[in-house]
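Some notes on the structure that comes next.
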Amino acid sequence: MSGSRATGAGPVSNLGVVLLDPETENDIAYELCQLLGRAILPVHGSDGPGAPAGTFGTAFFFSELIGATDDGEVVHEWLLTAAATTRAPYGEIGLRPSVTEPADAAAEPVELPDFADRWLDLPEVGMAAMPTGGLHGYAEDRGWSWRTQQVTDAVAAPAEAVARVGAEPRSAFVLALGVGDDGSRPLEAVIERVARRGDEVRVTTELPVGYVGAPVFGVEAGPDGEVALRCLGLLLPATSGGHPVATFDRIRSALAAATAGYR
C-alpha cells in the first residue's frame with residue numbers, strides 16, 4: 001500500500017462526519033485496505049494483445065442484495081467500473097496474488113477479446129457492470145478460485161446517505177490501483193474530499209492515472225459518535241479539476257432497470 005495523504009482536518013459532527021482529523025483519516029485509510037483491498041482489480045484496454053495500453057482503470061466487486069428466500073439471501077455479484085475504461089476492442093483484468101487461491105495463479109492477467117461487449121453499459125450513470133459468472137468459470141477452468149472481498153449492499157451508501165453529502169467538503173477515501181513507472185499496479189488508499197456541486201457528488205481534486213472506476217468511500221457518525229464507512233459510488237473521469245462520482249443511489253436504479261427482465 002502506498003502512503004495515504006491527508007489534505008486537511010476538522011471536527012466530527014453528531015449528525016454526520018464533515019472533516020476528520022489527519023490521524024483518524026490515516027487510520028481509516030489503513031483499515032480500508034485491510035477490509036476491502038481484495039475487492040479491487042486493475043483493468044486496462046488496448047487495441048489487441050501486446051499493444052500498448054490506451055486506458056487504465058480500477059474495477060471492484062459489488063454484491064447486490066436482490067431479496068431473501070427460505071434458503072437465505074439472494075445476491076447478484078458484479079464487477080463495476082467506469083464505462084470509459086471498457087470501450088477498447090481488447091482488455092485485460094489484472095490479478096494479484098492476494099485475490100487468487102493458490103496465489104501463484106495470478107501470474108497472468110485475464111485476457112478479454114471483444115472487451116467492450118463483455119460489459120453491461122449504463123450510460124445514464126457513466127458506469128459499466130460485468131456479471132462475475134464468467135470470471136468464476138474462467139478460474140475454475142484453470143484450476144484456481146477467486147479469493148476476494150466485495151463491497152456489499154450494507155456498505156454501499158443508501159440514497160439518504162448520498163443525499164446528506166452537501167456543498168461543504170467532507171472526508172473521503174479512494175481505494176484504487178495506481179500505475180507505477182514500471183507498469184505495476186500498486187494498491188493505494190488516498191484521503192480526499194467530496195462535496196456536492198449542483199446535482200453531482202464530486203471528488204474535489206484530480207487523481208492519478210488508473211484511479212477511474214475506483215470505489216469512493218465516505219464516513220458518517222451516529223449520535224454516539226461512532227464512525228461508519230459507506231461506499232458512495234465509483235470514480236468517473238475527471239472534469240473541471242475533479243471527478244464526478246457515480247453514486248450508489250443511481251447505480252442501484254440503473255442496475256435494476258437494466259436487469260428487470262431476469263431478476
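In this text the structure is predicted, and so the values were computed from the model without any measurement.
Residues F61 and L122 are members of separate hydrophobic clusters, defined by side-chain heavy-atom contacts under 4.5 angstrom among Ile, Leu, Val, Met, Phe, Trp and Tyr. M127 and L120 fall within the same hydrophobic cluster, where Ile, Leu, Val, Met, Phe, Trp and Tyr residues are linked whenever their side-chain heavy atoms come under 4.5 Å apart, directly or through other members. L187 and L234 end up in the same hydrophobic cluster when Ile, Leu, Val, Met, Phe, Trp and Tyr side chains are linked at under 4.5 Å. L236 and L255 end up in the same hydrophobic cluster when Ile, Leu, Val, Met, Phe, Trp and Tyr side chains are linked at under 4.5 Å. No single ILVMFWY cluster, assembled from side-chain heavy atoms under 4.5 Å apart, contains both F60 and V43.
Side chains of I28 and F217 form no contact here, defined as non-hydrogen atoms less than 4.5 Å apart. The side-chain heavy atoms of T204 and V194, taken from C-beta on, include no pair separated by under 4.5 Å. Contact annotation: the side chain of L175 approaches that of C33 to within less than 4.5 Å [non-hydrogen atoms, C-beta and beyond]. Residues D121 and R87 have side chains in contact (heavy-atom distance under 4.5 Å, counting atoms from C-beta outward). Contact of the R202 side chain with the V216 side chain is not registered, since no non-hydrogen atoms from C-beta on lie closer than 4.5 Å.
Remark: the S63 side chain and the E77 side chain contain no N/O donor-acceptor pair separated by less than 3.5 Å. A side-chain donor-acceptor contact under 3.5 Å links W78 and E64. Checking T205 against E192 by side-chain atom types alone, a donor-acceptor pair falls below 3.5 Å. Counting only N and O atoms by type, the side chains of S171 and E25 include a donor and acceptor under 3.5 Å apart. Judged by distance alone, the side chains of D21 and T24 do bring a donor and an acceptor atom under 3.5 Å apart. The closest side-chain donor-acceptor pair between R118 and T86, if any, does not fall under 3.5 angstrom.
Panel note: side chain R185, backbone G178; a donor-acceptor pair is recorded below 3.5 Å. Under the 3.5 Å distance criterion, the side-chain polar atoms of R196 are matched with a main-chain donor or acceptor of V165. A donor-acceptor pair is defined here as one N or O able to donate and one able to accept, closer than 3.5 Å; such a pair exists between the side chain of T85 and the backbone of A82. The closest donor-acceptor contact from the side chain of T58 to the backbone of L177 lies under 3.5 Å. Within the 3.5 Å criterion, the main-chain N or O of W146 finds no donor-acceptor partner in the side chain of T100. Of the possible donor and acceptor atoms, one in the side chain of R96 sits under 3.5 Å from a partner among the backbone N and O of I40.
Pairs of residues two or more places apart, or lying in two chains, that qualify as ring pair (Phe, Tyr, Trp, His ring centres under 6.0 Å) and include a residue from residues 235-258 are F62-F248. Counting only residues at least two apart or in different chains, salt bridge (Lys or Arg N to Asp or Glu O under 4.0 Å) contacts with residues 147-163 comprise D153-R252.
Between the CG atom in N26 and the CD1 atom in I191 there is a gap of 4.0 Å [rounded to 0.5 Å]. Taken from CG in L112 to OH in Y138, the straight-line distance is 8.0 Å, to the nearest 0.5 Å. Going from atom OH of Y211 over to atom CD of E206 covers 13.0 Å, rounded to the nearest 0.5 Å. Distance OG1/T259 to NE2/H76: 7.0 Å, rounded to 0.5 Å. Between the CD atom in E140 and the CG atom in L135 there is a gap of 13.0 Å [rounded to 0.5 Å]. The line from CG of L95 to CG of L41 is 7.0 Å long, rounded to the nearest 0.5 Å.
Annotation for V179: hydrophobic cluster partners, listed by chain and number, are F56, V209 (ILVMFWY side-chain heavy atoms under 4.5 Å, direct or chained).
Salt-bridge check for E220 with R164: passed, with a basic side-chain N closer than 4.0 Å to an acidic carboxylate O.
Within a 6.0 Å radius of CG in D47, no more than 12 heavy atoms belonging to other residues, nucleotides or ligands are found. For D182, the CG atom sits in a packed shell: over 12 heavy atoms of surrounding residues, nucleotides or ligands are nearer than 6.0 Å. Few gaps surround CD on E124; more than 12 heavy atoms of other groups in view lie less than 6.0 Å from it.
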**Q.** side chain to side chain contact (heavy atoms under 4.5 Å, CB included) between I66 and V75, intermediate numbers included
**A.** CA-CA 5 Å; I66 303 299; V75 299; 5.7 Å; no
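Heavy-atom minimum distance, P237 versus P244: O-CD, 3.3 Å. The shortest non-hydrogen separation linking C231 to P215 is SG-CB, 3.9 Å. The minimum heavy-atom distance linking W144 with A105 is given by the pair CG-CB, 3.4 Å. Across all non-hydrogen atoms, the minimal contact from T81 to G213 is OG1-CA, 3.6 Å. Minimum heavy-atom separation, A29 to A189: O-CB, 3.9 Å. A51 and S46 make their closest contact through O-CB, 3.8 Å (heavy atoms, listed as atom of the first residue, atom of the second, distance).
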